[in-house]
Amino acid sequence: QVQLVESGGGLVQTGDSLRLSCAASGRAFSSYAMGWFRQAPGKEREFVTAISWSGGTTYYADSVKGRFTISRDNAKSTVYLQMNNLKPEDTAVYYCAAKFGVVVLTTPEKYDYWGQGTQVTVSS
């Protein structure tokens, strides 16, 4: 069992930056690939980015490529999402998720554990 707690969300203006954190507890954090997803009102949950257990492999949605960076610190059992040049269309609840194993996936249904989410609102 893994518990995930996100933090760092908030209200910012277009062009600002935010860093989200996701702290994990429970089973060995380094055994899990980690992902960030987001869900805007009235929309389905969508993939944002994911990282392998070692941090050596990352994937990004086209909509955030070049603006967002995922990283992890296995010693602290934490994964981060650095978001730069934020846009109003980035407004959503952001969730981190854990997937046991070495394969990095972009499909939310494949993830085993989820956090409660943190709201990010970008004003124009």
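Predicted model, so just to flag it, every value in this text is computed and none were measured.
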Enquirer: So for atom NZ, which belongs to Lys43, do other residues, nucleotides or ligands contribute more than 12 heavy atoms lying within a distance under 6.0 Å?
Expert: no
Enquirer: Can you check side-chain contact (heavy atoms from CB on, under 4.5 Å) on Arg67 and Met83, steps first, answer last?
Expert: CA-CA 6 Å; Arg67 300 188 298 122; Met83 305 185 294; over 6 Å; no
Enquirer: Do Thr78 and Asp73 meet the criterion of a side-chain donor-acceptor pair at a distance under 3.5 Å?
Expert: no
Enquirer: Does Arg72 make a cation-pi contact with Phe29, if we ask for NZ or CZ under 6.0 Å from the ring centre and within 45° of the axis?
Expert: yes
Enquirer: Between Thr14 and Leu86, does a side-chain contact (heavy atoms from CB on, under 4.5 Å) hold up when you go through it step by step?
Expert: CA-CA 5 Å; Thr14 298; Leu86 282 161; over 6 Å; no
Enquirer: For residues 106-115, which side-chain N or O atoms pair as donor and acceptor with protein atoms under 3.5 Å away, sequence neighbours left out?
Expert:
from   : atom 1 : to     : atom 2 : distance (Å)
Tyr111 : OH     : Leu105 : O      : 2.5
Asp112 : OD2    : Phe100 : N      : 2.8

Enquirer: For Glu44, is the CD atom crowded, meaning more than 12 foreign heavy atoms sit under 6.0 Å from it?
Expert: no
Enquirer: Using 4.0 Å as the upper bound for N to carboxylate O, is an ion pair formed by Asp90 and Lys87?
Expert: no
Enquirer: As a test of understanding, state which of Tyr60, Phe37, Tyr59 forms a side chain to side chain contact (heavy atoms under 4.5 Å, CB included) with Thr49.
Expert: Tyr60
Enquirer: Give a yes-or-no answer on whether the side chains of Thr91 and Glu89 include a donor-acceptor pair shorter than 3.5 Å.
Expert: no
Enquirer: Please say whether the positively charged group of Arg19, taken as NZ for Lys or CZ for Arg, lies over the ring of Tyr80, i.e. under 6.0 angstrom from the six-membered ring centre and within 45 degrees of the axis.
Expert: yes
Enquirer: Counting only heavy atoms not in Gln13, do more than 12 sit closer than 6.0 Å to its CD atom?
Expert: no
